[in-house]
Number of protein chains: 2
Amino acid sequence: MNDSSGRWQRRSYHHGNLKEVLLEAARKLIEEHGAFGFSLAEAARLAGVSPAAPYRHFRDRDALLAEVARTGFERFAARLDVAWNNGIPTPLSAFEALGRAYLAFAREEPASYAVMFESGAAAEHGGEAVHAAASSPAAEKAFNVLQRAAAALCRQLPENERPPLKLVAMHIWTMSHGIASLFIQEGSAARKIPLSPEEVLESGMLIYLKGLGVLPEGDGQESSKETP
Amino acid sequence: MNDSSGRWQRRSYHHGNLKEVLLEAARKLIEEHGAFGFSLAEAARLAGVSPAAPYRHFRDRDALLAEVARTGFERFAARLDVAWNNGIPTPLSAFEALGRAYLAFAREEPASYAVMFESGAAAEHGGEAVHAAASSPAAEKAFNVLQRAAAALCRQLPENERPPLKLVAMHIWTMSHGIASLFIQEGSAARKIPLSPEEVLESGMLIYLKGLGVLPEGDGQESSKETP
DNA sequence: GCTTTTATGTAATAGCCGTTTACATGAACG
DNA sequence: CGTTCATGTAAACGGCTATTACATAAAAGC
């Protein structure tokens, strides 16, 4: 229930949905004011509660950010999984869908993506690291989708030519993440270049897959003189 | 001139070197307390001056971070340039040195790297974006080194098979940055994987270059059945 | 139904930070 | 020597995080 200015209207002393609304507010504020113009107090204002209220749902500011990261990873993993669709109809087409889904998530939830990966965000706090972000089970689920995709692609190679799976998965991940990180962010470089992230990722992956020996024919790129 | 605890000792009312010392302090604090545990006041304490002193050298906190980014980009560009060394002795060996220099910088100056690229840091402030980071002349100089390397590599291809230079440069950049971003950061994923960033980058680049058709022989990877 | 317990909100407060303003110091320059 | 300008300090304001004591209402037990 939002009023005209986007603040959550509540009818009783208790809010009823504060935790969710705070997470939404956090994502919105992070998008607007950069990764760390975000303030717990402003999120509380957006939700229409006192500055102390959030502490009933999150131990501290970092805990809220960690939760943004965690829930972000869950949506991320689910989305990648749907896009990959077990490699159907073909590993290659599914792989392309996977790449697009990766970039789509980063574009549609830049705040989540930033908190998930640019862990200056949920980085270490007092003593030990927090980074619920990148080492959480949800994060692993996301990486596992990439790894399954890598496995399906490598399965097309003769056994003695297969590089380590984890390595291939990392290559895929690092390129996807590199593009997301460089392109998606507001002022972050690469914006003058007249190429969409999707173009860069797809062309890069085609070249990479060609190098792996996975592409069936002269697919996408111009030269077609291998597998003679 | 540092005292036992690392604080800058000054002998006169005037500091004499405050700007530089503040930048050093900022990098140190960003490394320690995560990308944004950094506080201007603490940097001032480290430098042994009052909290207001930094404002004689930087308009505000963001300006200091922007300067960390700018000077970071300058060292970064210089280092990449030295490593590339005009493609000498061979484009391939120089390219490998370039990749190692990229990762070495990110490892040795994680604070600079974070501020330079994870622009939640020097991101937008009030109205328009600040991000002196990624679109500064120094940043372009760095990217130009990558682009020259891409050009040298592509020059080994027949003209009609050369992909757009900017595209290849972007592929190189995104993979390097992706690895730096995922590996270097404290808690940021990818740490359980028993691979060094250098291994991931080099193997990934070998596959990519093979896909480009740039590798002279069965170089590095196992299969060697192209250019028949 | 009534009371007790528990969950979830507020108010008030302390301490830190960023930033500004008025003032102090001393180096550079005549 | 005296003026000027660069560079420091002190004091203050408002905003933020976080804690504590208290308020309110929903849920649970009887």
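Bear in mind that the values here come from a model prediction, so they are computed numbers and not experimental data. All chains are named by letter (A, B, ...) in the order of the sequence lines, taking the proteins before the strands, and each is independently numbered beginning at 1. For the numbers below, each heavy atom of this structure counts, side chains included, while hydrogens, waters and symmetry mates do not.
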Without decimals, in angstroms, what is the distance between [X] [atom1] and [N] [atom2]?
{"X": "B:Asp62", "N": "C:dT19", "atom1": "CG", "atom2": "C1'", "value": "12 Å"}
{"X": "B:Leu22", "N": "C:dG18", "atom1": "CG", "atom2": "C1'", "value": "14 Å"}
{"X": "B:Arg61", "N": "D:dG15", "atom1": "CZ", "atom2": "P", "value": "18 Å"}
{"X": "B:Phe58", "N": "D:dG8", "atom1": "CZ", "atom2": "P", "value": "11 Å"}
{"X": "A:Tyr55", "N": "D:dA21", "atom1": "OH", "atom2": "P", "value": "17 Å"}
{"X": "A:Leu18", "N": "C:dT8", "atom1": "CG", "atom2": "C1'", "value": "9 Å"}
{"X": "A:Leu46", "N": "D:dC16", "atom1": "CG", "atom2": "P", "value": "12 Å"}
{"X": "B:Arg56", "N": "D:dT9", "atom1": "CZ", "atom2": "C1'", "value": "10 Å"}

Query raised in the report: With sugar-phosphate meaning primed atoms plus P, OP1 and OP2, does A:Ala52 contact a base, only sugar-phosphate, or nothing at under 4.0 Å between heavy atoms?
Result: base
Requested in this report: Quick one: label A:Pro51 by what it contacts on the DNA or RNA (base, sugar-phosphate, nothing), any heavy atom closer than 4.0 Å.
Outcome: nothing
Requested in this report: Starting at CG of B:Leu29, measure out to CZ of B:Arg45 and round the result to the nearest 0.5 Å.
Outcome: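 Here the interatomic distance stands at 9.0 Å.
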Query raised in the report: OP1 or OP2 of D:dC16 less than 4.0 angstrom from a side-chain nitrogen or oxygen of A:Arg45, does that happen here?
Result: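 Yes, because at least one side-chain N or O of A:Arg45 sits under 4.0 Å from OP1 or OP2 of D:dC16.
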Query raised in the report: Any side-chain N or O of B:His57 less than 4.0 Å from the OP1 or OP2 oxygen of D:dA6?
Result: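 For D:dA6, OP1/OP2 do not have a side-chain N/O of B:His57 under 4.0 Å.
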State plainly whether the residues [X] and [Y] are in salt-bridge range, i.e. N to O under 4.0 Å.
{"X": "B:Arg100", "Y": "B:Glu96", "value": "yes"}
{"X": "B:Arg148", "Y": "B:Asp81", "value": "yes"}
{"X": "B:Glu108", "Y": "B:Arg75", "value": "no"}

Report summary line: Sorted by chain and residue number, the side chain to side chain contact (heavy atoms under 4.5 Å, CB included) partners of B:Arg56 (sequence neighbours excluded) come out as none
Report task. Consider the side chain of B:Ala41, meaning its heavy atoms from C-beta on, and name the nucleotide among C:dC17, D:dA18, D:dC16 that approaches it most closely. Result ->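 Per side-chain heavy atoms of B:Ala41, the pick is C:dC17.
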Query - Selection from D:dT17, C:dT20, D:dT9 that lies nearest to any side-chain heavy atom of B:Ser50 - result: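 Closest nucleotide among those given: D:dT9.
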